[in-house]
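No hydrogens, no waters, no symmetry mates; every other heavy atom, side chains included, goes into these values.
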Amino acid sequence: LSKKQLDYLSAFAPTAGRGLAALSRDPLDGVVRGAFAGREKDGQWQSGFSAALAEAGGVVRGREEAEMVYYRTANAEPYKFPVYPAKLAMAAPASWFSDKYVLIGVDLPLEDRHATPFIVLNGVQAGTLPGVVIHAHALARLISGDQVRTLGPLAGVALLLVGGAAAIWLSWRPMPVIYKPLATMAVLAVLWGCAAFAFAQYAIIVPLVAPSLLVAGLSAVTAFMAWRRDQAERAFVQRAFSQYVSPAVVDALVRDPGSLRLGGERRTVTCVFTDLEGFTHFSEHLPPEQLADVLNSYLDRVCDLFVEHGATIDKVIGDAVVGFFGAPAEQADQNERAVALALAVERFSGAFQQEMRQRGVAMGVTRIGVHCGPAIVGNFGGKRFFDYTAIGDTVNTAARLEGANKYIGTCNCISGAVAGNANGHVLRPSGTLYLKGKNEGVETFEALNCSPESRTLAQAYGEAYALLAASDARAQDAFEQLSEQYPGDRLIAFHRQRLADGEIGPAIRLSGK
């Protein structure tokens, strides 16, 4: 106020109290957020206008600076105090003003409008209030004792810890990179939502700058570390499996390393065992250099066939190749793949055998055993040696079936568990084998190359085998006729001999392993 105005007020109301009508604006954006309590001048305390009014009514709240309390409606709009035009004040009933604080002021749109926090939700026009209305809010705060509190140090530290932990946990989890910023934004949204709720319901100010910066910073650092981890895992998976499984399986593992669980996991797998007949005798008659050349040529192609059909190579032992389907990646058609692999290996073995004979090297046939069932699959080589392998009775049974070929005269021996889910192949029953050490028989089949001739053979053989399985006396004549029609078929010759020896039925007991 000017000196002239002050002199007028002193003359008009010489006994009235005095208060400073100043407002506490935020120096950054000019928004009135603080409640002006007053100031000290020339050693004397000068109360703010609202504080002076409250003190005149006997309400003393102290001289500390405090946060402004703004009252609002249910729609979060500024509370509208009763307002009366000055010219009508004399005509209004006295009861309207008795026992109340009455503030007299003017609304100057260009000079006495001030920004308040209501601007955020209600816009500039609705959130900019006249000075007298802001003083009314301040006076109401002093009378009611309402106050805005700031979150305490312990609660603030707890908030930082919770927000930081959530940011680290979400950013460290394996997930597509694109989702991690969204996860960080979700944490920040929860943080800001909780802060808004605390302020709206309990008038508690939750500091947001430091927690938000902490969440963003920890998320960025942790996401980078997680990316480095994921890259290392992908590189490990690619190195570990690139020589053992098909490129498609390696790509699937690289995209989702979590599908590879090391240390042992129960899976349903289809095991394939291959072994070269007479390898010991064969190796004794070749110089080491020639043996290595022939064996490597043989193993290279067999391993290629395993990989081409999507199998995981478990191990190579001498001339034997062991692999399985169904791990580390799930394969719904693993049985069909296994039978197709067995036939491909058999065809290659026959062609390779002919090629070696032309070079003067006598090689035996490749025998193959295939069985499906549960197994424990994982890294059983410890931390220093990576050995992704399958263990369990399913693996042992497949090995026994491979060995059974030499007794029943077949090149491949497929268990019923596999044959039942390999409908796309031509299969004929071999018999129910009672393997050494086993009390239960394993129904077995031989896979034939798909051709009209094979289908004709399988049909004729199936009719004769049905008689054998039913212990029908006509089975011997049926196999005698088949033997004359297919003199080179070793499985037919095997059953013909069994029938000649007085054996009947499909049960075949094997004494060897």
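- Remark: side-chain polar atoms of Thr73 are paired, donor with acceptor, to backbone N or O of Glu77 under 3.5 angstrom.
- Listed for the Thr270 side chain is no donor-acceptor partner under 3.5 Å among the backbone atoms of Phe325.
- For Val316 against Ile313, the heavy-atom pair with the smallest separation is CG2-CG2, 4.4 Å.
- Of all heavy-atom pairs spanning Ala183 and Leu170, the tightest one is O-CD1, 4.0 Å.
- Between Phe118 and Tyr70, the ring planes lie perpendicular to each other; the angle is over 60°, past the 30° to 60° tilted range.
- When all heavy atoms are compared, the tightest approach of Val148 to Val69 is CG2-CG2, 3.6 Å.
- Of the possible polar contacts, none joining the Asp107 side chain to the Pro130 backbone as a donor-acceptor pair under 3.5 Å is found.
- Ile368 and Val370 make their closest contact through CG2-CG2, 4.0 Å (heavy atoms, listed as atom of the first residue, atom of the second, distance).
- In this structure, Thr116 contributes its side chain and Gly127 its backbone to a donor-acceptor pair below 3.5 Å.
- Residues Arg141 and Asp146 are not paired through a salt bridge, judged by the lack of any N-O separation under 4.0 Å between the basic side chain and the carboxylate.
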May I have the step-by-step check of side chain to side chain contact (heavy atoms under 4.5 Å, CB included) for Leu191 and Leu208, ending in yes or no?
CA-CA 8 Å; Leu191 182 64; Leu208 290 175; 4.0 Å; yes
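- Side-chain N/O atoms of Thr366 and Tyr298 include a donor and acceptor closer than 3.5 Å.
- Considering all non-hydrogen atoms of both residues, His371 and Ala417 come closest at CE1-CB, 4.2 Å.
- No donor-acceptor pair closer than 3.5 Å links the side chain of Ser219 to the backbone N or O of Thr184.
- Between the side chains of Asn449 and Arg347, at least one donor N or O lies within less than 3.5 Å of an accepting N or O.
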Run the side chain to side chain contact (heavy atoms under 4.5 Å, CB included) test on Ser47 and Glu55 for me, step by step, so that the C-alpha distance in whole Å, both residues' side-chain angles and the decisive distance to 0.1 Å come before the verdict.
CA-CA 9 Å; Ser47 297; Glu55 290 169 2; 3.4 Å; yes
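- In this structure, Pro374 and Thr394 approach most closely via the heavy-atom pair O-OG1, 2.7 Å.
- Below 30°, between 30° and 60°, or above 60°: for Tyr8 and Phe12 the angle between ring planes is below 30°, a parallel geometry.
- Counting heavy atoms from C-beta outward, Val418 and Val339 have side chains that approach closer than 4.5 Å.
- Tyr71 is linked by a ring pair (Phe, Tyr, Trp, His ring centres under 6.0 Å) to nothing, counting only residues two or more places apart in sequence or in another chain.
- Side-chain N or O atoms of Arg266 include none that pairs as donor or acceptor with a backbone N or O of Ala375 at under 3.5 Å.
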Considering only distance and modelled atom types, tabulate donor-acceptor pairs under 3.5 Å from the side chains of residues 86-105, sequence neighbours left out.
residue, atom, partner, partner atom, Å
Ser98, OG, Ser95, O, 3.4

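- The main-chain N or O of Val321 is found under 3.5 Å from a side-chain atom of Thr274 such that the two form a donor-acceptor pair.
- Distance alone, capped at 3.5 Å, is enough to place a donor-acceptor pair between the Arg61 side chain and the Leu142 backbone.
- Partner of Asp319 under the side-chain contact (heavy atoms from CB on, under 4.5 Å) criterion, chosen from Val294, Asp275, Val302: Asp275.
- Salt-bridge formation is not detected for the pair Glu308/Arg337: no Lys NZ or Arg NE/NH1/NH2 atom is positioned less than 4.0 Å from an Asp or Glu carboxylate oxygen.
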Might you work through the side chain to side chain contact (heavy atoms under 4.5 Å, CB included) test for Val345 and Leu343, ending with a clear yes or no?
CA-CA 5 Å; Val345 171; Leu343 290 171; over 6 Å; no
